[in-house]
Amino acid sequence: MSRDTTSFGLIFLLWGAGLGAAAQYGKVSVIYDQLPNIYPGGGVGIAFLVSVVGFVGIVFGVVAGLIVARVGYRRALLWALWGGAVISAVEAVLPPLSFMLVLRVLEGISHLALVVAAPTLIAQLSAARHRGFTLTLWSTFFGVAFTVLVWGGLPMVDALGVPSLFAAHAVWMAAFAILLTLRLPMDAEQAQNDVISFRSILRDHMTIYRSPFIAAPGLGWLFYTFCFLAFLTLLPPFLADSERAFVLGSIPLVSIFVSMTLGVWLLRYISAVNVVLIGFATAMLCLIWLLFDQGGVVPCFALAGAFGLVQGASFAAVPQLNDTPATQANSNGAMAQMGNIGNTLGTPVLAALILIGGYDALIISSIVVMGAGCLCHLCMAHWRRIS
C-alpha cells in the first residue's frame with residue numbers, strides 16, 4: 001500500500017475487464033424486449049435471465065470477497081474472465097431457456113469475482129495520490145458499459161442478430177484475459193489456504209459487518225443503489241415527452257462526468273467518506289428541488305451529479321478505510337452484496353410507493369433514503385473514532 005508509482009496501463013486494462021463484467025449484467029437487459037421472440041412462452045423465466053445475476057450477488061457477495069482473498073486476486077480475476085468468455089460463447093448459440101438460466105447463474109459467479117478482484121488490484125497498483133482517480137475511473141464501469149451496449153451493441157444486434165452480442169462479449173472477455181495474463185504481476189501475497197465452510201462464512205460475515213472500516217463503503221452503497229437504478233426506471237412517466245429520451249440518456253453520463261472531475265478534485269483534499277456525505281446531502285437538496293419542479297431537467301442533472309460524487313468516492317473509501325488487500329477484498333465483496341440488494345429492492349419498493357402517493361411519494365421517500373445514507377456513514381465514522 002506504499003506504492004510510489006501507478007501502473008496506468010494495467011489500471012485501464014482492469015477497467016476494460018470491468019466493462020466486460022458490467023456487460024454480463026447489461027447484455028441481457030438491453031435485448032430484454034427481444035427475448036420473448038427467442039423463448040416464446042418463457043414467462044417469468046425470461047425476467048429471471050436478468051435478475052438472477054443480482055440474486056447471485058445478494059447471496060454470495062461477501063463469500064466472493066472471502067474466496068478471492070483466499071485463492072489470490074490475479075488467479076480469481078483470470079478465472080472469472082476465461083469463465084465469462086466460455087459462458088458467453090455458449091450463450092451465443094441461444095440454448096434452451098432452462099440451460100440459459102444455469103449459464104446466467106454461473107455468469108453471476110464470474111461477475112462477482114471480477115467486481116471484487118479488479119478494484120482490489122487497482123488499489124494495489126495505484127500510488128496513494130492517484131487512488132482517487134483510479135478508483136473513480138473504476139466506478140464508471142457500469143455506466144460506460146451500458147452506454148456502449150446501447151449505442152454499439154443494439155445496432156449490431158439489429159444488423160447481425162442477438163447471438164452476435166453474446167459472441168462479441170465472449171471475444172471481449174477472452175481478449176482481456178489474454179492481455180491481463182501477459183501483463184498482470186503475480187499476487188504479491190501468498191493465497192490463503194484455510195478451508196471454507198458454512199461456519200467460517202458465517203463468522204466472516206459477522207467480522208465484516210461488525211467492522212466500521214470494512215462494512216462502511218458497502219452500507220453506504222446500499223442507499224445509493226437503492227435510488228439510482230430506480231430513478232432511471234421510474235422517473236420517465238414524470239418527464240415531458242419531448243425531453244424524456246434526452247434526460248434519461250444524459251443522467252448516467254452527467255453522473256460519470258461529475259465523478260471524474262469534481263469528485264476526483266475533492267478526493268485530493270478531503271476524505272472519500274466526506275465526499276460521499278457531500279453527495280448524499282446534495283442529492284437531498286436536489287430532490288427537494290424536484291419536489292417543487294416536477295421532472296425539471298436542471299434538477300434532474302444536478303441530482304445525477306450528486307449521485308456521481310457518491311459513486312466514485314464510495315469505491316475510493318475502500319482502500320482509505322482498509323489497509324490490506326484481504327480487508328479491501330472483503331469490503332468490495334460487501335459492496336457487491338449491498339449493491340445487489342439495493343438494485344433488487346429499490347425499484348419495486350419505490351414503485352409500490354408511487355402507487356400509493358404518486359410523484360411526491362417517490363421524491364419524499366428518496367429524500368429519506370439519502371438521509372439514511374448520510375446517517376449510516378456518520379454512525380460508522382463515530383464508531384471508527386471510538387473503536
Side-chain angles (χ1 to χ4, degrees), residues 1-8 10-11 14 61-77 113-139 184-194 200 203-221 263-264 266-277 312-339 376-387:
M1 300 306 295
S2 59
R3 189 181 181 99
D4 294 325
T5 59
T6 298
S7 302
F8 283 105
L10 270 175
I11 299 299
L14 288 166
V62 167
V63 176
L66 302 173
I67 292 175
V68 165
R70 283 164 169 77
V71 304
Y73 310 103
R74 180 182 187 275
R75 185 185 305 169
L77 182 86
L114 284 169
V115 300
V116 170
T120 305
L121 285 165
I122 286 173
Q124 291 181 54
L125 294 166
S126 302
R129 66 185 183 278
H130 295 142
R131 281 192 200 113
F133 169 78
T134 58
L135 287 165
T136 299
L137 174 69
W138 169 256
S139 76
L184 197 61
M186 299 298 291
D187 291 310
E189 297 183 3
Q190 181 67 33
Q192 304 172 33
N193 295 315
D194 32 332
S200 70
R203 182 186 66 243
D204 288 338
H205 267 78
M206 294 176 66
T207 299
I208 288 169
Y209 288 112
R210 284 177 174 174
S211 168
F213 297 90
I214 301 175
L219 292 175
W221 192 241
V264 170
L266 286 172
L267 286 168
R268 294 173 59 188
Y269 301 103
I270 61 177
S271 71
V273 168
N274 283 336
V275 176
V276 173
L277 287 170
S314 292
F315 281 97
V318 172
Q320 282 191 13
L321 295 176
N322 301 280
D323 294 331
T324 68
T327 54
Q328 289 169 25
N330 290 340
S331 188
N332 283 319
M335 284 192 71
Q337 187 173 55
M338 292 295 107
C376 176
H377 265 298
L378 289 172
C379 290
M380 292 287 109
H382 176 69
W383 190 1
R384 288 193 295 273
R385 283 194 297 270
I386 64 176
S387 61

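No experiment lies behind these values; they were computed from the predicted model shown. Note that these values count all heavy atoms, side chains included, but never hydrogens, waters or copies made by symmetry.
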S.K.: Using only atom types and a distance under 3.5 Å, with no angle test, would you say the side chain of Asn322 pairs donor to acceptor with the backbone of Phe213?
M.R.: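 A pair under 3.5 Å: yes.
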S.K.: Output the distance between atom CG (Asn274) and atom NE2 (His377), rounded to the nearest 0.5 Å.
M.R.: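 Going from the CG atom of Asn274 to the NE2 atom of His377 covers 10.0 Å.
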S.K.: Do you know which two heavy atoms are closest between Gly339 and Trp221, and how far apart they sit?
M.R.: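 Nearest heavy atoms, Gly339 then Trp221: CA-CD1, 3.6 Å.
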S.K.: Could you tell me whether a side-chain N or O of Ser211 sits under 3.5 Å from a main-chain N or O of Thr207, the two making a donor and an acceptor?
M.R.: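 No, Ser211 side chain to Thr207 backbone: no donor-acceptor pair under 3.5 Å.
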S.K.: At what distance, to the nearest 0.5 angstrom, does CG of Leu121 lie from CG of Leu114?
M.R.: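 That separation rounds to 10.5 Å.
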S.K.: Write down the atom of Ile208, the atom of Ala334, and the distance for their closest heavy-atom approach.
M.R.: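 So the two residues come closest at CG2-CB, 4.1 Å.
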S.K.: Find the distance between CD (Gln124) and OG1 (Thr324) and round it off to the nearest 0.5 Å.
M.R.: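 Going from CD on Gln124 over to OG1 on Thr324, the span is 9.5 Å.
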S.K.: Do you know the tightest heavy-atom contact between Ala76 and Ala113?
M.R.: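 Ala76 and Ala113 have their closest heavy atoms at O-CB, 4.3 Å.
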S.K.: To the nearest 0.5 Å, what is the distance between CZ (Phe315) and OG1 (Thr134)?
M.R.: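 Those atoms lie 12.0 Å apart.
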S.K.: Decide side-chain contact (heavy atoms from CB on, under 4.5 Å) for Leu184 and Leu77; before the verdict, give the C-alpha distance in whole Å, the side-chain angles of both, and the deciding distance to 0.1 Å.
M.R.: CA-CA 10 Å; Leu184 197 61; Leu77 182 86; 3.8 Å; yes
S.K.: To the nearest 0.5 angstrom, please state how far the CE atom of Met335 sits from the OG atom of Ser139.
M.R.: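 One gets 8.5 Å once the value is rounded to the nearest 0.5 Å.
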S.K.: Can you tell me how far apart OG1 (Thr136) and CG (Leu267) are? Round to the nearest 0.5 Å.
M.R.: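 Result: 5.0 Å between the selected atoms.
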S.K.: Spell out, as yes or no, whether a donor-acceptor pair under 3.5 Å connects the side chain of Tyr73 to the backbone of Pro119.
M.R.: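 Judged by distance alone, no pair lies under 3.5 Å.
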S.K.: I would like to know whether Met380 and Leu321 meet side-chain contact (heavy atoms from CB on, under 4.5 Å); could you show each step before the answer?
M.R.: CA-CA 11 Å; Met380 292 287 109; Leu321 295 176; over 6 Å; no
S.K.: Assess the side chains of Tyr209 and Gln337: does a donor N or O sit below 3.5 Å from an acceptor N or O?
M.R.: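 Indeed, the side chains of Tyr209 and Gln337 share at least one donor-acceptor pair under 3.5 Å.
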S.K.: For a quick test of reading the model, state the closest non-hydrogen atom pair linking Gln328 to Ala123 and the distance between them.
M.R.: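 Between these two residues, the closest heavy atoms are OE1-CB, 3.4 Å.
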S.K.: Please name the pair of heavy atoms, one in Val116 and one in Gly333, separated by the smallest distance, quoted to 0.1 Å.
M.R.: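 Taking every non-hydrogen atom into account, CG2-CA, 3.8 Å.
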S.K.: Work out which heavy atom in Ala316 is nearest to a heavy atom in Ala272; give both atom names and the distance.
M.R.: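 Scanning both residues completely, I find the closest heavy atoms to be C-CB, 3.9 Å.
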S.K.: Taking C-beta and beyond as the side chain, do Leu135 and Pro319 meet within less than 4.5 Å on heavy atoms?
M.R.: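 The answer is yes; the side chains approach within 4.5 Å.
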S.K.: Under a 3.5 Å distance rule, please check whether Ser331 uses its side chain to pair with a backbone N or O of Ile214 as donor and acceptor.
M.R.: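 Checked: pair present.
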S.K.: Report the residue from Leu14, Thr5, Thr6 that forms a side-chain contact (heavy atoms from CB on, under 4.5 Å) with Leu125.
M.R.: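 Only one of Leu14, Thr5, Thr6 forms a side-chain contact (heavy atoms from CB on, under 4.5 Å) with Leu125, namely Leu14.
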